[in-house]
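Remember, it's a predicted structure, so these values are computed and weren't measured experimentally.
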Amino acid sequence: MKELEIIKAQFLADDIDSEDREENENILREWEQGLIHNEAYVSWQEHDITREIAKKLKSEYKDFAMTLANNRSLTDTQRASLWAKQDACTFILSLTEKDAKGQLEQIQNEIKRAIAVT
């Protein structure tokens, strides 16, 4: 990212005192780690296999809900099992639905604001 290189040059310039430099290095490290993590997350989310898994989980969740709603003869154990399966679907979907793109955009905007201020 071009902006990251620009802000690195500004944040780590020779005329920056050691205390500010250390703080700047920490901020840069945080931004870099956030960019790497979220770019990888976006790549994973957009992968065909991940999308296929999410689609399957949504379908399974609906099937479990319909079984719970329509089958009044389920035992407590069977209902608990279906609820647990729904919880598992919800958890995995929460991973595939994370707003990694939004977090990437937020980090990039922070970098751009820092460039504008310096």
Side-chain angles (χ1 to χ4, degrees):
M1 171 179 192
K2 182 179 125 185
E3 289 88 359
L4 188 59
E5 294 306 315
I6 292 169
I7 200 66
K8 273 184 182 180
Q10 293 173 353
F11 271 31
L12 303 176
D14 292 336
D15 62 342
I16 303 291
D17 68 62
S18 62
E19 188 175 305
D20 287 339
R21 183 180 189 85
E22 184 177 339
E23 184 178 332
N24 289 349
E25 287 172 346
N26 289 334
I27 292 168
L28 288 169
R29 194 174 311 109
E30 182 180 314
W31 284 338
E32 286 176 323
Q33 289 172 351
L35 289 170
I36 291 167
H37 174 80
N38 286 297
E39 285 170 354
Y41 212 97
V42 167
S43 175
W44 174 75
Q45 285 176 321
E46 292 177 349
H47 195 279
D48 290 342
I49 297 299
T50 306
R51 288 182 176 171
E52 188 177 319
I53 290 169
K55 182 179 177 182
K56 177 73 173 161
L57 287 168
K58 290 174 184 177
S59 174
E60 290 291 322
Y61 185 94
K62 286 185 242 177
D63 290 346
F64 299 144
M66 294 304 296
T67 301
L68 285 164
N70 295 324
N71 189 342
R72 300 290 180 193
S73 63
L74 293 172
T75 66
D76 287 343
T77 303
Q78 290 170 320
R79 276 195 300 279
S81 174
L82 290 170
W83 287 325
K85 289 175 183 178
Q86 281 186 311
D87 289 345
C89 289
T90 301
F91 173 71
I92 295 170
L93 283 170
S94 74
L95 297 174
T96 64
E97 305 288 322
K98 176 185 169 191
D99 185 18
K101 285 183 182 179
Q103 290 182 3
L104 268 174
E105 187 176 306
Q106 179 184 347
I107 293 167
Q108 291 166 346
N109 287 336
E110 287 176 19
I111 294 169
K112 289 175 184 175
R113 279 192 300 275
I115 290 171
V117 171
T118 55

(request) Check whether more than 12 heavy atoms from other residues, nucleotides or ligands sit under 6.0 Å from atom CD of Glu22, and answer yes or no. (result) no
(message) So, taking the atom named CZ in Arg79 and the one named CZ in Arg72, what distance separates them when rounded to the nearest 0.5 Å?
(response) 9.0 Å
(message) Go through it in stages, so that I can follow the logic: the residues are Glu52 and Lys56, the test is side chain to side chain contact (heavy atoms under 4.5 Å, CB included), and I'd like the CA-CA distance, side-chain angles, deciding distance and then a yes or no.
(response) CA-CA 6 Å; Glu52 188 177 319; Lys56 177 73 173 161; 5.8 Å; no
(request) Treating Ile, Leu, Val, Met, Phe, Trp and Tyr as nodes and any side-chain heavy-atom pair under 4.5 angstrom as an edge, say whether Leu93 and Leu95 lie in one connected cluster. (result) yes
(message) If I take atom CD from residue Glu5 and atom NZ from residue Lys2, how far apart are they, to the nearest 0.5 angstrom?
(response) 11.5 Å
(message) Nearest 0.5 Å, please: how far is OG in Ser81 from CD in Gln86?
(response) 10.5 Å
(request) Kindly determine whether Gln45 and Lys98 satisfy side chain to side chain contact (heavy atoms under 4.5 Å, CB included), including the steps that lead there. (result) CA-CA 9 Å; Gln45 285 176 321; Lys98 176 185 169 191; 3.9 Å; yes
(request) Any chance you could measure Asp48, atom CG, to Lys55, atom NZ, to the nearest 0.5 Å? (result) 11.5 Å
(request) In sequence, state the C-alpha distance, the side-chain angles, and the governing distance for Val42 and Glu46, and then conclude on side chain to side chain contact (heavy atoms under 4.5 Å, CB included). (result) CA-CA 6 Å; Val42 167; Glu46 292 177 349; 3.6 Å; yes
(request) Write out all pairs satisfying ring pair (Phe, Tyr, Trp, His ring centres under 6.0 Å) with one or both partners inside residues 16-60, taking only residues at least two apart or from two chains. (result) Phe11-Trp31, His37-Tyr41, Tyr41-Trp44
(request) Measure the NZ-CD distance between Lys101 and Glu105 for me, rounded to the nearest 0.5 Å. (result) 10.5 Å
(request) Tell me whether Ile111 is reachable from Ile6 by hopping between hydrophobic residues (I, L, V, M, F, W, Y) whose side-chain heavy atoms are closer than 4.5 Å. (result) yes
(message) Between Ile107 and Asn38, does the side chain to side chain contact (heavy atoms under 4.5 Å, CB included) criterion hold? Intermediate values first, please.
(response) CA-CA 10 Å; Ile107 293 167; Asn38 286 297; 3.9 Å; yes
(request) Could you go through the side chain to side chain donor-acceptor pair (under 3.5 Å) check for Arg21 and Asn24 one step at a time? (result) CA-CA 5 Å; Arg21 183 180 189 85; Asn24 289 349; over 6 Å; no
Can I get a per-line list of side-chain donor-acceptor pairs under 3.5 Å for residues 63-71, giving both atom names and the distance, sequence neighbours left out?
from: Thr67; atom 1: OG1; to: Asp63; atom 2: O; distance (Å): 3.0
from: Asn70; atom 1: ND2; to: Met66; atom 2: O; distance (Å): 3.2
from: Asn71; atom 1: OD1; to: Ser73; atom 2: N; distance (Å): 3.0
from: Asn71; atom 1: OD1; to: Ser73; atom 2: OG; distance (Å): 2.6

(message) Hydrophobic clustering (ILVMFWY, side-chain heavy atoms < 4.5 Å, transitive) - are Ile115 and Leu28 grouped together?
(response) yes
(message) Please report the interatomic distance CD(Glu30) to CG(Leu35), rounded to the nearest 0.5 Å.
(response) 10.5 Å
(message) Tell me whether Ile7 shares a hydrophobic cluster with Leu104, the cluster being built from Ile, Leu, Val, Met, Phe, Trp, Tyr side chains joined at under 4.5 Å.
(response) yes
(request) Please answer whether the main-chain N or O of Gln108 pairs with a side-chain N or O of Glu3 as donor and acceptor at a distance below 3.5 Å. (result) no
